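First the structure, in the form of structure tokens, and then the observations on it.
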Amino acid sequence: MPSPIATHASLLLKAAAAAASPKPLFSPRAAQIPAPLAGRACPRWFRWPASARGLCSSTPPNHSGPAHGMGSDANGTRRRVPPVNGLSKEGATQPVPAPPKLLTLPTVLTIGRVAAVPFLISTFYMDGPWAATATTGIFLAAAITDWLDGYIARKMHLGTPFGAFLDPVADKLMVAATLVLLCTKPLEASLLSAGPWLLTVPSIAIIGREITMSAVREWAASQNTQVLEAVAVNNLGKWKTATQMIALTLLLASRDPSLPVQGALVAPGVALLYASAGLAIWSLVVYIRNIWRILLK
């Protein structure tokens with residue numbers, strides 16, 4: 001019979017030898033993987049250890065669905081990797097597009113037209129040899145920037161939703177203010193002194209058309225895309241705007257006593273103003289007819 005001390009010593013040696021020997025990574029049963037299963041999904045009786053979990057896919061390689069593993073969630077969906085320094089993880093060479101700027105060059109020009117309306121009114125009622133020239137220069141500069149901001153926005157791709165909203169507002173403010181000023185202080189000419197209503201009639205037609213068209217476009221924005229496209233600016237509206245700017249420039253310049261052809265500018269200015277009023281009413285009828293056709297479908 002061995003002594004108890006020898007028995008305990010042998011047990012301690014066996015425990016130390018077992019602890020020193022490396023444990024197998026796979027169980028004997030798990031290590032016996034049949035050759036036909038190579039490259040396929042893991043069998044149910046096969047389990048990876050915790051340190052290697054996620055490397056085996058529960059979906060065959062030729063399956064179209066997402067596979068478990070690195071870059072995937074537990075349910076097999078692809079994780080969205082957040083961008084780092086403006087670059088995404090999947091396409092590091094494609095930068096995330098920055099949001100459009102609010103104050104681009106066309107928008108600044110449009111804001112300048114709105115800010116010029118008080119100066120236009122102030123110089124119109126001032127007395128002095130330079131007052132009429134300043135009023136004409138302010139309106140002419142506003143008419144040029146009206147064309148320039150649209151040209152820059154198209155060529156340099158600087159158009160913004162805020163600029164698209166503010167541009168027609170600035171045009172309507174400048175045109176309406178000039179028409180009201182000309183009606184409140186008629187020109188001292190034989191043509192207008194005999195008939196002061198000659199400027200009032202086209203002014204009411206132009207301002208009324210702009211108010212109606214603004215309401216129609218606001219209503220169209222709440223409808224479908226076809227109705228909104230029916231009230232988009234067309235060539236007829238562009239001709240109307242160009243005729244308005246030329247007519248009002250001539251009428252403002254006819255008030256300048258420094259011009260030798262002061263009296264000769266009244267008749268063409270009034271004629272172009274009536275032509276602009278006719279184009280304004282015609283374009284309104286075209287817009288309403290386009291909307292009516294869409295609604296009847």
Side-chain angles (χ1 to χ4, degrees), residues 82-121 123 134-179 206 209-211 213-250 252-253 272 276 279-280 283-284 286-287 290:
V84 179
N85 296 329
L87 298 177
S88 59
K89 191 70 174 178
E90 291 79 2
T93 59
Q94 298 179 358
V96 178
K101 294 181 179 180
L102 181 63
L103 293 179
T104 58
L105 180 58
T107 306
V108 172
L109 294 176
T110 305
I111 294 175
R113 292 207 309 276
V114 177
V117 174
F119 296 97
L120 179 75
I121 299 173
T123 57
T135 305
T136 307
I138 291 174
F139 185 85
L140 185 60
I144 293 175
T145 56
D146 181 24
W147 169 83
L148 185 61
D149 60 1
Y151 178 81
I152 295 175
R154 290 189 302 269
K155 293 298 181 179
M156 302 180 64
H157 304 286
L158 295 177
T160 59
F162 178 70
F165 153 76
L166 191 62
D167 183 71
V169 174
D171 298 341
K172 291 175 175 59
L173 284 176
M174 184 63 67
V175 170
T178 306
L179 289 173
I206 292 173
R209 183 265 182 192
E210 298 298 340
I211 295 175
M213 201 64 220
S214 299
V216 170
R217 284 199 171 100
E218 183 179 359
W219 169 80
S222 62
Q223 304 300 314
N224 53 29
T225 308
Q226 293 182 350
V227 177
L228 190 59
E229 292 177 354
V231 295
V233 179
N234 53 19
N235 292 330
L236 192 60
K238 295 178 181 179
W239 279 105
K240 180 264 303 179
T241 302
T243 309
Q244 278 181 5
M245 296 301 179
I246 297 174
L248 294 178
T249 302
L250 293 177
L252 289 175
L272 288 176
S276 175
L279 290 174
S283 62
L284 179 62
V286 171
Y287 289 135
N290 293 338

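Here the structure is a predicted model, which is why all the values come from computation and not from measurement.
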With rounding to the nearest 0.5 angstrom, report the CG to CE distance, Leu250 to Met245. 13.0 Å
Taking the side chain as every heavy atom from C-beta outward, state whether Val231 and Asn290 have any atom pair closer than 4.5 Å. no
4.5 Å side-chain heavy-atom contact, Val216 and Tyr287: no
Rounded distance (nearest 0.5 Å) linking atom CZ of Arg217 with atom OG of Ser222: 14.5 Å
Check Val114 against Ala170 and note the closest heavy-atom contact, atom names and distance. CG2-CB, 3.5 Å
So, for Leu158 and Thr104, which heavy atoms are closest and what is the spacing to 0.1 Å? O-OG1, 3.3 Å
Calculate, to the nearest 0.5 Å, the distance between atoms CG and OG1 belonging to Leu166 and Thr110 respectively. 5.5 Å
State, to 0.1 Å, how close Gln223 and Val227 come at their nearest heavy-atom pair, and which atoms those are. CB-CB, 3.9 Å
To the nearest 0.5 Å, atom CG of Leu252 lies from atom CZ of Phe139 at 6.5 Å
Report yes or no: does Ser276 contribute a side-chain atom to a donor-acceptor pair with the main-chain N or O of Leu272 at less than 3.5 Å? no
Within the structure provided, determine whether Asp167 and Arg113 are in side-chain contact (heavy-atom separation under 4.5 Å). yes
Determine whether a donor-acceptor pair (N or O, by modelled atom type, separation under 3.5 Å) exists between the side chain of Thr145 and the backbone of Ala141. yes
Closest heavy-atom contact between Ser283 and Ala280? OG-O, 2.8 Å
Take Thr123 and Thr135, measure what side chain to side chain donor-acceptor pair (under 3.5 Å) needs, and give me the verdict at the end. CA-CA 6 Å; Thr123 57; Thr135 305; 2.8 Å; yes
Contact check, side chains of Val175 and Glu210, non-hydrogen atoms, under 4.5 Å: no
Nearest-0.5 Å distance, OG1 of residue Thr178 to CG of residue Leu248: 5.5 Å
Between CD1 of Ile144 and CG of Leu109, what distance do you get to the nearest 0.5 Å? 11.5 Å
Side-chain contact, heavy-atom cut-off 4.5 Å: Pro106 with Met156? no
Report the relative orientation of the aromatic rings in Tyr151 and Trp147; use parallel for angles under 30°, tilted for 30 to 60°, perpendicular for over 60°. parallel
